[in-house]
Amino acid sequence: SLPYHIDYSSTNVKNFVSEYRALFKSEPNAYSFQGYDLGAFFLKALNDYGKNFEDYLEEIEGSMLQSDLKFKKPTPESGFINQSTRKITYRPDYSIETGSFR
């Protein structure tokens with residue numbers, strides 16, 4: 001299991017890489033993907049639920065470009081923890097299968 005994995009065969013990833021190259025004239029790195037994923041996730045939550053989106057954060061799931069997000073608040077006094085991870089299987093033929101533990 002890995003918290004982050006970029007599937008470069010994904011159409012969404014290909015589109016992101018193409019647009020990133022055109023805009024910044026360089027290759028995206030792991031932080032580029034992470035910034036995009038977190039921005040897209042939280043801006044959508046803000047748009048959908050308004051400034052009190054935190055009240056709904058445990059109901060929102062996101063399969064992003066590099067990571068999956070599913071937040072849980074273990075206790076009322078604690079902060080949120082991302083409980084999602086990606087299942088990566090490396091095959092004998094050097095192919096990679098991605099999945100989820102959900």
Side-chain angles (χ1 to χ4, degrees):
S1 69
L2 295 171
Y4 304 109
H5 174 75
I6 301 166
D7 179 3
Y8 284 95
S9 67
S10 160
T11 301
N12 289 339
V13 170
K14 288 178 183 179
N15 290 340
F16 173 79
V17 170
S18 177
E19 291 177 20
Y20 189 94
R21 287 174 179 161
L23 185 61
F24 297 108
K25 310 289 188 246
S26 66
E27 293 297 309
N29 61 28
Y31 295 113
S32 308
F33 284 96
Q34 187 176 24
Y36 178 84
D37 284 353
L38 292 173
F41 180 86
F42 284 106
L43 288 172
K44 182 171 181 353
L46 183 62
N47 184 60
D48 291 350
Y49 299 101
K51 65 181 181 177
N52 295 319
F53 72 89
E54 183 180 328
D55 297 339
Y56 305 93
L57 203 52
E58 291 183 276
E59 300 170 21
I60 307 168
E61 290 186 45
S63 183
M64 313 309 287
L65 298 178
Q66 176 178 256
S67 59
D68 296 330
L69 300 171
K70 175 65 179 148
F71 289 100
K72 181 80 175 159
K73 194 170 191 176
T75 67
E77 300 81 28
S78 70
F80 289 93
I81 298 172
N82 181 19
Q83 293 193 320
S84 189
T85 187
R86 290 190 172 179
K87 180 177 145 184
I88 310 300
T89 305
Y90 297 97
R91 302 279 183 208
D93 66 354
Y94 300 102
S95 65
I96 298 172
E97 179 184 330
T98 60
S100 178
F101 289 105
R102 288 182 256 158

Can you tell me how far CD of Glu97 sits from OH of Tyr90, rounded to the nearest 0.5 angstrom?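 Tyr90 OH to Glu97 CD: 12.5 Å, rounded to 0.5 Å.
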Euclidean distance, Phe53 CZ relative to Lys44 NZ, rounded to 0.5 Å: 13.0 Å
Is it the case that over 12 heavy atoms from other parts of the model lie below 6.0 angstrom from the [atom1] atom of [X]?
X	atom1	result
Tyr36	OH	no
Glu54	CD	no
Tyr56	OH	no

Which label fits Phe33 and Phe16: parallel for a plane angle under 30°, tilted from 30 to 60°, or perpendicular past 60°?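 Ring orientation of Phe33 relative to Phe16: tilted.
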Determine whether Ile6 and Leu69 fall in the same hydrophobic cluster, where Ile, Leu, Val, Met, Phe, Trp and Tyr are linked whenever their side-chain heavy atoms lie under 4.5 Å apart.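 Unlinked, Ile6 and Leu69 end up in two clusters.
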Starting from Leu38, can I reach Leu65 by hopping between I/L/V/M/F/W/Y residues whose side chains sit under 4.5 Å apart?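 No; tracing contacts between hydrophobic side chains, which count when under 4.5 Å, never links both residues.
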When you check the gap from the basic side-chain N to the acidic O, do Lys72 and Glu58 get nearer than 4.0 Å? yes
Side chains of [X] and [Y] in contact at under 4.5 Å (non-hydrogen atoms):
X	Y	result
Thr89	Ile96	no
Leu23	Glu19	no
Lys87	Ser1	no
Tyr8	Val17	yes

Per side-chain contact (heavy atoms from CB on, under 4.5 Å), Phe71 is matched among Ile60, Leu57, Ile81 by Leu57
Return yes if some donor-acceptor pair links the side-chain N/O of [X] with the main-chain N/O of [Y] below 3.5 Å, else return no.
X	Y	result
Arg86	Tyr4	no
Asp68	Ser84	no
Asp37	Met64	no
Asn29	Ser32	yes

Assess, by modelled atom type and distance only, whether the side chains of Ser18 and Asn15 contain a donor and an acceptor separated by less than 3.5 Å. no
Under a plain distance cut-off of 3.5 Å, with no hydrogens placed, do Ser10 and Asn12 share a side-chain donor-acceptor pair? no
Using the rule given for side chain to side chain contact (heavy atoms under 4.5 Å, CB included), can you reason through Gln66 versus His5, listing the C-alpha separation, both sets of side-chain angles and the distance that settles it, and then say yes or no? CA-CA 5 Å; Gln66 176 178 256; His5 174 75; over 6 Å; no
Which heavy atom of Ser67 sits nearest a heavy atom of Pro3, and at what distance? CB-O, 3.4 Å
